[in-house]
Amino acid sequence: MSELKRINKTRKIIRKIINEKGRKEIYDLTGLSGGFEISDSDMELLETYVGPAIFSEQLNAVGISHFGGSPSIHKAVGFNRTSSAIFSTICALSKDIKTVVHFVPKLPSHPSIPRSCDIFDMNYFESDNLQEMLNKIDGETLTIITGATMDHKMINLDDLKEIIQYCKEKNSIVFVDDASGARLRLLYNQPPALKIGADLAVSSTDKLMNGPRAGLLSGKKELIDKIYSEGLKYGLEAQAPILCAMINALKNFKLDNLKDALKRAKNIDLSSLVNAGLKYEKTPTGFIITNLSDEEYINIALKMLENYGIITITAGGMPGASKTLRIDFCSKDAKRISDEYVINAIINSKNNNL
Ligand SMILES: *Cc1c(COP(=O)(O)O)cnc(C)c1O
């Protein structure tokens, strides 16, 4: 099945459930639920020129703080997606830099990074081996570090600090892709990216927090100006409604909500999955099934949606997103269903598939 066909099929099933039973029968367990909190007073400002005038300043303040930066040296701006922020960064830096070196806690990387490098004819090297990647870093490279992968595998703090330090010695710009990592790392007491010396960091306000799908980019002022200008040329910058929802999500973000998901993930008993022939790994805020083929994951995910109303990234995710079947307890929908409901949905969808 092509990626677009899968997405359309998923949307069709969601439409059917919403029309026949209503939103309450949908359980979004992707960990990306696209929260959109705006107040009546915000509504008046959702205009093309008025909105960004007000919201850019507010986003700057809360955005810098989310990454542990300082208003005297850093700036923060909003993009439509994390992928758009990554694209704009690589586009803006491609004039001076020819090679991107990327460390991922576990391969593969998010596709937005290699795809952007490809467009600008940059050499691209990715690795989960620390020494191998350090050897490639010099003053001519942009170094990207993924804080946590799509499957929520987190970087080790010593590795993160060592790479940043090495980049400083070698004069390489260092950019942390902290899409989910900004909050996952915080949950494990790791410091935010700008606080430990990254030049740039990006995060998704949709991941492990109740914000819109958008990319918050922060870092050294002169770099941000250059990257944001480039993004404006291609229409990648977030507009007033998104900026506003990003600000509210960042202001309302509470680590305690994540701690509940962490506890649930830690305590959930998954032995019946093993009895049903499935292998799993726990993630900080949920779990993933690891022993099936991409096609099997997709078939099971579509059945889970159709018969149990459970949305996973496997079913609805963007092209190139990881296909492993991942369950995340961060979203508000997760609170409305039991562990048994989720486990039964997986097992029955698997048995019904094979
Ligand atoms: C999710 C993710 C992205 C892209 O986020 P989008 O909102 O889909 O553009 C980039 N990098 C990593 C590590 C991610 O997990």
Side-chain angles (χ1 to χ4, degrees), residues 3-4 6-7 10 28 30-36 67 77-91 100 102-119 124 126-128 142-155 160 163 174-187 190 193 198 200-218 227 231 234-238 242-243 245-246 249-250 283-286 288 311-324 326 328 330-331:
E3 299 263 54
L4 189 60
R6 168 183 55 77
I7 293 170
T10 297
D28 185 330
T30 61
L32 288 84
S33 45
F36 206 92
F67 288 111
V77 291
F79 282 88
N80 282 322
R81 278 180 52 186
T82 299
S83 298
S84 329
I86 289 171
F87 177 93
S88 295
T89 303
I90 291 175
C91 172
V100 171
H102 180 194
F103 180 77
V104 227
K106 190 175 170 209
L107 294 169
S109 115
H110 188 274
S112 58
I113 297 173
R115 281 177 187 160
S116 299
C117 289
D118 210 30
I119 290 172
Y124 176 73
E126 73 181 27
S127 175
D128 55 5
L142 164 66
T143 302
I144 301 183
I145 307 168
T146 287
T149 65
M150 290 181 277
D151 286 334
H152 289 178
K153 168 94 178 144
M154 233 177 8
I155 194 168
L160 176 57
I163 302 168
V174 57
F175 175 26
V176 179
D177 175 0
D178 240 356
S180 61
R183 284 151 309 282
L184 264 186
R185 296 193 307 98
L186 215 59
L187 201 54
Q190 289 198 19
L200 291 165
V202 69
S203 192
S204 167
T205 52
D206 194 16
K207 289 185 174 163
L208 299 106
M209 67 185 292
N210 198 25
R213 186 170 198 161
L216 175 71
L217 181 75
S218 187
I227 297 163
Y234 301 104
L236 302 170
E237 82 287 5
I242 295 288
L243 291 173
M246 290 172 85
L250 287 160
T283 63
T285 55
I288 53 176
I311 306 181
T312 53
I313 291 179
T314 322
M318 290 295 122
S322 169
K323 295 293 169 293
T324 50
R326 191 174 97 214
D328 195 292
C330 282
S331 68

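Throughout, numbering of the chain's residues begins at 1 and tracks the sequence. One-based numbering, in listed order, for ligands and for the atoms of each.
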Suppose we measure from [atom] to each protein heavy atom; which comes out shortest, and what is that distance?
| atom | answer |
| --- | --- |
| atom 5 (O) of ligand 1 | Thr82 CB, 3.3 Å |
| atom 6 (P) of ligand 1 | Arg81 NE, 3.5 Å |
| atom 10 (C) of ligand 1 | His110 CG, 3.3 Å |

Practice prompt. Output all residues satisfying salt bridge (charged side-chain N to carboxylate O under 4.0 Å, His left out) with Arg81, sequence neighbours left out; order by chain, then residue number.
Written response: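 If we apply the salt bridge (charged side-chain N to carboxylate O under 4.0 Å, His left out) test to Arg81, skipping adjacent residues, there are no hits.
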
Discussion item. Run the salt bridge (charged side-chain N to carboxylate O under 4.0 Å, His left out) test against Lys153 and tell me which residues pass, sequence neighbours left out.
Written reply: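 Scan of Lys153 (salt bridge (charged side-chain N to carboxylate O under 4.0 Å, His left out), adjacent residues dropped) gives none.
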
Discussion item. Rounded at 0.5 Å granularity, tell me how far CG in Leu184 sits from OG1 in Thr283.
Written reply: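 Interatomic distance, Leu184 CG to Thr283 OG1, rounded to 0.5 Å: 8.0 Å.
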
Discussion item. To the nearest 0.5 Å, what is the distance between NZ on Lys207 and CG on Leu32?
Written reply: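 Taking NZ in Lys207 and CG in Leu32, the distance rounds to 5.5 Å.
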
Practice prompt. Report, in ascending order of atom number, the atoms of ligand 1 lying under 4.0 Å from any heavy atom of Ala148.
Written response: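 Answer, ordered by atom number: 13 (C).
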
Item to complete: Check ligand 1 against Ala179 and write out every atom of the ligand that is under 4.0 Å from a heavy-atom position of the residue.
Response: 2 (C), 3 (C), 11 (N), 12 (C), 14 (C), 15 (O)

At a non-hydrogen distance cut-off of under 4.0 Å, which region of [X] contacts ligand 1 (side chain, backbone, both, or neither)?
| X | value |
| --- | --- |
| Ser180 | neither |
| Lys207 | side chain |
| Asp177 | side chain |

Discussion item. Test side chain to side chain contact (heavy atoms under 4.5 Å, CB included) on Tyr234 and Ser88; report intermediate values, then the result.
Written reply: CA-CA 9 Å; Tyr234 301 104; Ser88 295; over 6 Å; no

Would you say [X] has any N or O atom under 3.5 Å from an N or O of ligand 1, going by distance alone?
| X | answer |
| --- | --- |
| Arg213 | yes |
| Ser83 | yes |
| Ser204 | no |
| Ser112 | no |
| Thr146 | no |

Worksheet entry | Passing candidate, side-chain contact (heavy atoms from CB on, under 4.5 Å) with Ile144, options Ile90, Val174, Thr89 | Ile90

Worksheet item: Of the options Asp206, Leu243, Thr205, which is the one that meets Pro212 in a side-chain contact (heavy atoms from CB on, under 4.5 Å)?
Response: Thr205

Fill in: Side-chain ion pair, Lys106 and Asp151, N-O less than 4.0 Å
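Here Lys106 does not pair with Asp151 in a salt bridge, since their nearest N and O are not under 4.0 Å apart.
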
Item to complete: Could you give me the CA-CA distance, side-chain angles and deciding distance for Asp177 and Thr82, then say whether side chain to side chain contact (heavy atoms under 4.5 Å, CB included) is met?
Response: CA-CA 9 Å; Asp177 175 0; Thr82 299; 4.2 Å; yes

